[in-house]
Amino acid sequence: MDPRDLWTEALAGVMARPVRSALTTLGTVLGITTLVITIGVASTAGNQIVGRFDALTATSVTVTVPSAPAGSDDGPLVDWSGTDAVRRLAGVESVAALADSTVTNSVQVRANDVKAPGDVSGQTLAVVAASADLPAAVRGTMTAGRFYDSGDITGHTQVAVLGDQAARLLGIKRVQDSPAIFFQGQSYTVIGILGGIRREQRLSTAVIVPPTTAADRLGLRDVTRVLINTAMGAARQVAHQAPIALAPGQEKALTVAAPEDLSRARDGVQSDVNGLFLVLGLVSLVVGAIGIANVTLVTVMERVGEIGLRRALGASRRQVAGQFLLESTTIGLLGGIVGTALGTTVVVCVAVFREWTPVLDTNLALGAPFAGALVGLLAGLYPSLRAARMEPVDALRAPS
């Protein structure tokens, strides 16, 4: 039998019962659709997760400055103006210096200096000093008022900026009326509220004051930490150069916390998510294969007379098996094509709805139809072999 004739006979067999063929194909369609959706959505979600992970952590560098020994006459390792040298490094987007101590980490702060019955008692908050670039360094925004500037620092003004949670605890929602807070016997005018802090989130419950004011009133003179934000991919280089820029000749005394190489973490997240959903897709394919095998076997039993007639007219066992095997493969291929189209459409729609960037594997989109054909091929092996083993005389005697 010519291969073209074999293909024609197989296609005629599939189209002879269009409803049954469509229902049989539906199993493969669902399996391939599930496979494409799960792997596509997993890749898209994994890319989104890793992208956020990179954006938040892969660009953050923290330099910790040790405290000077008690009674030491040496100056501080890092001066407040040292951030200017770091800012000039390639890849640095923002930088700020902080100063705190164990004493100022727990300070009683009140929004009213008059202690009247029924008033809310003061809140225990951290008080820190920071340079004027702190909002950008912690990736926050001013939800009310403004952050202090170089003029406030130069003038030693007694102003303060509250973290959004600290402002809520103190009952301060507006700064237009210049509210005041009181701690350690001093009053400070609140000029702004800092919210949306994505880095150093503990500052949301802190009182932030200019470094000169902190040195005069609280004894916070030495920088204890430097927060640096870099461009993507520059963190490792900046982490190496920042200590030299901050403390030339004494850079080894500083401790630098920089992100590790995230390529392995990215691959791990992607692999775990893909592996989980791949199992679900394969289960769906197995269900589709069982459906094709059952229907092909039923078809063989219904066409016993036809098989006997073909064998009697000279068709070989291989040709009979090839016809039914090609029918099941065709059903699988059609299901793979339709399933791939549906799955790709669903992945794109989900990505658009979630405002993600869709990630579609070209190899998966091109290989899924052939995976459907392979499922059909494997599912049709047993029914095809059973049809090929039939003897012509027995097949012609069987009811048809």
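Everything numeric in this text was worked out from a predicted model, so none of it was measured.
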Check whether any side-chain heavy atom of [X] sits under 4.5 Å from a side-chain heavy atom of [Y], and report yes or no.
X: Val109; Y: Tyr188; answer: no
X: Leu254; Y: Val78; answer: yes
X: Leu134; Y: Leu203; answer: yes
X: Glu327; Y: Pro383; answer: no
X: Thr62; Y: Leu227; answer: yes
X: Leu325; Y: Leu381; answer: yes
X: Leu218; Y: Val107; answer: no
X: Trp80; Y: Ile153; answer: no

Requested in this report: Please lay out, stage by stage, how Val223 and Leu98 fare under the test side chain to side chain contact (heavy atoms under 4.5 Å, CB included).
Outcome: CA-CA 6 Å; Val223 174; Leu98 285 172; over 6 Å; no
**Report entry** Under 3.5 Å side-chain donor-acceptor pair for Asp133 and Ser131
**Finding:** no
same_hphob_cluster([X], [Y]) at 4.5 Å side-chain heavy-atom cutoff:
X: Val256; Y: Leu89; answer: yes
X: Phe183; Y: Leu169; answer: yes
X: Val226; Y: Leu77; answer: yes
X: Val190; Y: Val127; answer: yes
X: Leu125; Y: Ile172; answer: yes

Query - Working for side chain to side chain contact (heavy atoms under 4.5 Å, CB included), residues Leu194 and Met142 - result: CA-CA 5 Å; Leu194 179 61; Met142 298 303 299; 3.8 Å; yes
Shortest non-hydrogen separation from [X] to [Y] and the atoms involved:
X: Pro369; Y: Ile337; result: CB-CG1, 3.8 Å
X: Ala371; Y: Ile32; result: CB-CD1, 4.3 Å
X: Ser187; Y: Phe182; result: CB-CE2, 3.4 Å
X: Ile197; Y: Ser204; result: CD1-N, 3.7 Å
X: Ser60; Y: Arg199; result: CB-CZ, 3.8 Å
X: Leu220; Y: Ala129; result: CD1-N, 4.1 Å

Return yes if some donor-acceptor pair links the side-chain N/O of [X] with the main-chain N/O of [Y] below 3.5 Å, else return no.
X: Thr104; Y: Asp100; answer: no
X: Gln319; Y: Arg317; answer: no
X: Asn105; Y: Ala126; answer: no
X: Thr154; Y: Gly151; answer: no
X: Thr213; Y: Thr157; answer: yes

Query - Criterion side chain to side chain donor-acceptor pair (under 3.5 Å) against Ser94, the qualifying member of Thr59, Thr230, Asn229 - result: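 Of the listed residues Thr59, Thr230, Asn229, the side chain to side chain donor-acceptor pair (under 3.5 Å) partner of Ser94 is Asn229.
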For the [atom1] atom of [X] and the [atom2] atom of [Y], what is their distance to the nearest 0.5 Å?
X: Arg168; Y: Thr205; atom1: CZ; atom2: OG1; value: 10.0 Å
X: Glu251; Y: His240; atom1: CD; atom2: NE2; value: 8.5 Å
X: Gln201; Y: Gln165; atom1: CD; atom2: CD; value: 10.0 Å
X: Thr255; Y: Arg225; atom1: OG1; atom2: CZ; value: 12.5 Å
X: Lys252; Y: Ile244; atom1: NZ; atom2: CD1; value: 10.0 Å
X: Arg110; Y: Leu170; atom1: CZ; atom2: CG; value: 10.0 Å

Query raised in the report: Do other residues, nucleotides or ligands put more than 12 heavy atoms under 6.0 Å from His156 NE2?
Result: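 It does: His156 NE2 has more than 12 such atoms within range.
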Report task. Would you indicate whether Arg318, at its atom CZ, is surrounded by more than 12 heavy atoms from other residues, nucleotides or ligands within a distance under 6.0 Å? Result ->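 No.
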Query raised in the report: Out of Val352, Thr345, Val350, which residue meets the side chain to side chain contact (heavy atoms under 4.5 Å, CB included) rule with Val348?
Result: Val352
Query raised in the report: So which of Val159, Ile193, Asp152 actually passes side chain to side chain contact (heavy atoms under 4.5 Å, CB included) with Arg146?
Result: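 Exactly one candidate clears the test, Asp152.
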Query raised in the report: Could you go step by step and tell me if Gln186 and Val209 meet the side chain to side chain contact (heavy atoms under 4.5 Å, CB included) rule?
Result: CA-CA 12 Å; Gln186 301 287 333; Val209 296; over 6 Å; no
Report task. Test side chain to side chain contact (heavy atoms under 4.5 Å, CB included) on Val86 and Val63 and set out the steps. Result -> CA-CA 11 Å; Val86 176; Val63 179; over 6 Å; no
